[in-house]
Amino acid sequence: MKRKRGLISELRAAQRKSLVFLAGISLVLGAAISAQAALLAEAVEKIFVQRASFSSVAAVLGVLLAVMAVRTLLSYGNGRIGLYMAARAKTAMRAAVLRKLAHASVPVALRGQTGGKVSVTLDAVDESDSYFSQYLPRMIEAAVIPILILAIVFSQHVNSGLIMLITAPFIPIFMVLVGLTTKNKSEEKFTQLADFSGTFLGSLQGLVSLKLFGRTHHQQQEIERSSLGYRDATMGILRIAFTNTFMLESIVMLSIGIVALELALQLLVFKSLSFHTAFLILLLVPEYYSLLKNTGTAFHNGRTSMGAVRKVEEMLTGIREGEAPTDGDSGTGKTGGSIEIDLADKADKPERPNLDVLRMPLSIGMKDVRFQYAPDSFKLSASSLAFEPGQHIAIVGKSGSGKTTLLHLIAGLLKPTAGEVLVNGYPLAQYTEASWFDHVGYITQHPYIFSGTFADNIAIGSGRDVTRSEVVQAAEAAGLAALAAELEQGYDTFVGEGGRGLSGGEKQRLALARAFLKRPAVILFDEPTVGLDLQTERILQQSIAELASKATMITVAHRLYTIRHANRIIVMDNGAILDSGSHKELLARLPQYAEMVDAGRKGGFA
Ligand code: ADP
């Protein structure tokens, strides 16, 4: 709750100048409204009571017209300032959201329903508009103008002033009551929208799996459920808004009626009031209530916007305490959300000195590393491991023994629950993510292909501008030359979503081409479990060997060939490192290893 005020007041503080300007304009606007009423009363009195000639009224009417023009201009000016403030605040928030996403460590960025998170956060930024464009200008007007009007009425006729003073608080009290209920409703609406977006995106991403498993009907019902939930939340807010408007109008009409009745009695029965005064007050009263009423509407909008700003703030500061993280694609069964992560925004306040430059060659080590995805689940422990620069290491073990998890810990994609991954003797956490990723190439089993041309997809590996000939060289080194020649538009063929699909082997070679462009000092390789055709496998093997000739390579290995050629093999079992050594050493001393190799020979490696 404390942080909520944080973002709003921060955004407000950044606009102090505009707020002072708004207050100034509101004051002049108040004067213009009062002057307009006084001039109108004057003109009406002259024409209808004194029956003065047109020429003697003309001057008053002329000034009245000028005041009306000024009033319109001032209202317009207030609106413009509000829009300007909203635009500035939204730009600042969008920039903060993008900065957060760009600088957040990879586990943070991967956490939760990414689709839901981004779409809802950017929608929330838009919804925050009315806080600045309406709520603040109206609130400032309400703080200045009604007091001015009240002072004038009091100076003219105390009874009317008292009625206005007594009836006025009903409007804000009513507003606060309604505002508080809408605030909760608006937060509920955003939660429903996040749920809806997430379910929808999750279903789209997992469409193939859903179809294969005959779950489309179930998912359809799920989408319907979440869309109905969103509709109900929106209708709930609208219902409150409509009732709110109706009640406000009733209070205002009643109040104006009471003042008018009192004025009529004073004017006609007691004859204690001049026509000019009575008419002036009668003109000012609707202005007074209409300002308070506008404040009511603005307050309602402001509350909705505050709910939105709060959503943005939550995204910026991390995930709400105690909120169960959710995973977009529940079909995988792996909940990426439960990873223990550092929620601090590294970009804004570096908590420790970040080492930017990595010394070459790189040595990698592990010191008492412990990791758990969630309490009471799979545990990984690696007490002490050290890889020399240039070594080729193979990680082997049964499926589910923690090989990929270990690789992700080394890559820095997961953070150890305890202990440290060491790079050149320093904890990995001390390096900036960018400087570490500059030296790491990760070839996964399912590399991501972006929607773009074949060349773009390779070039993305370098992180810099590269020439076409560099791309072609990398593609050739990764054994992609033949494929490029086969493609209709060569390197300019569109691949990925909406373009030509690529086979598993082609995708891995594309990932290799990316690595060739980057020439990383550390290569992390998740060897394919599925059998590729012999030709592809040979090309991959050759390319990897060339790429790894000057790098440290850590492979989650499934091929006997890879294992035999590794300098060192790490055998994992149930999250622990059973042993490590050369192929020969392990064959001699670890019966499980010998068994595994034997099974591997028969084609059954994990
Ligand atoms: P391997 O690569 O040896 O097959 P993994 O490292 O992928 O093994 O998995 C080790 C264990 O951790 C398995 O029990 C797996 O179910 C679990 N696991 C993997 N990823 C996640 C995740 N994101 N959330 C929770 N548990 C996970």
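We number each residue from 1, following the sequence as shown. Keep in mind that what you see is a predicted model, and the values were worked out from it rather than measured. Just so you know, these numbers use all the heavy atoms, side chains as well, and skip hydrogens, waters and symmetry mates. In each ligand, atom 1 is the first atom listed, and ligand 1 is the first ligand listed.
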inquiry  = Please check whether Gly400 reaches ligand 1 - meaning an N/O of the residue sits under 3.5 Å from an N/O of the ligand, judged on distance alone.
reply    = yes
message = Is Ser377 close enough to touch ligand 1? Criterion: a residue heavy atom under 4.0 Å from a ligand atom.
response = no
ask   = Within the side chain of Glu527, is there an N or O that forms a donor-acceptor pair under 3.5 Å with the backbone of Arg559?
value = yes
message = I'd like to check which ligand 1 atoms, numbered from 1 as shown, lie under 4.0 Å from a non-hydrogen atom of Thr405.
response = 5 (P), 6 (O), 9 (O), 10 (C)
inquiry  = Salt bridge check, Glu470 against Lys518: does any charged N sit closer than 4.0 Å to a carboxylate O?
reply    = no
key: Ser401 touching ligand 1 at heavy-atom level, < 4.0 angstrom   = yes
message = Any side-chain to backbone donor/acceptor pair from Ser363 onto Glu388? Under 3.5 Å, distance only.
response = no
ask   = If you count the atoms of ligand 1 from 1 in the order shown, which ones are under 4.0 Å from a heavy atom of Lys398?
value = 3 (O)
query = Judged by atom type as modelled, is there a donor-acceptor pair below 3.5 Å linking the side chain of Arg509 to the main-chain atoms of Gly479?
reply = yes
message = For the backbone of Gln372 and the side chain of Thr417, can you confirm whether one donor and one acceptor N or O come within less than 3.5 Å of each other?
response = yes
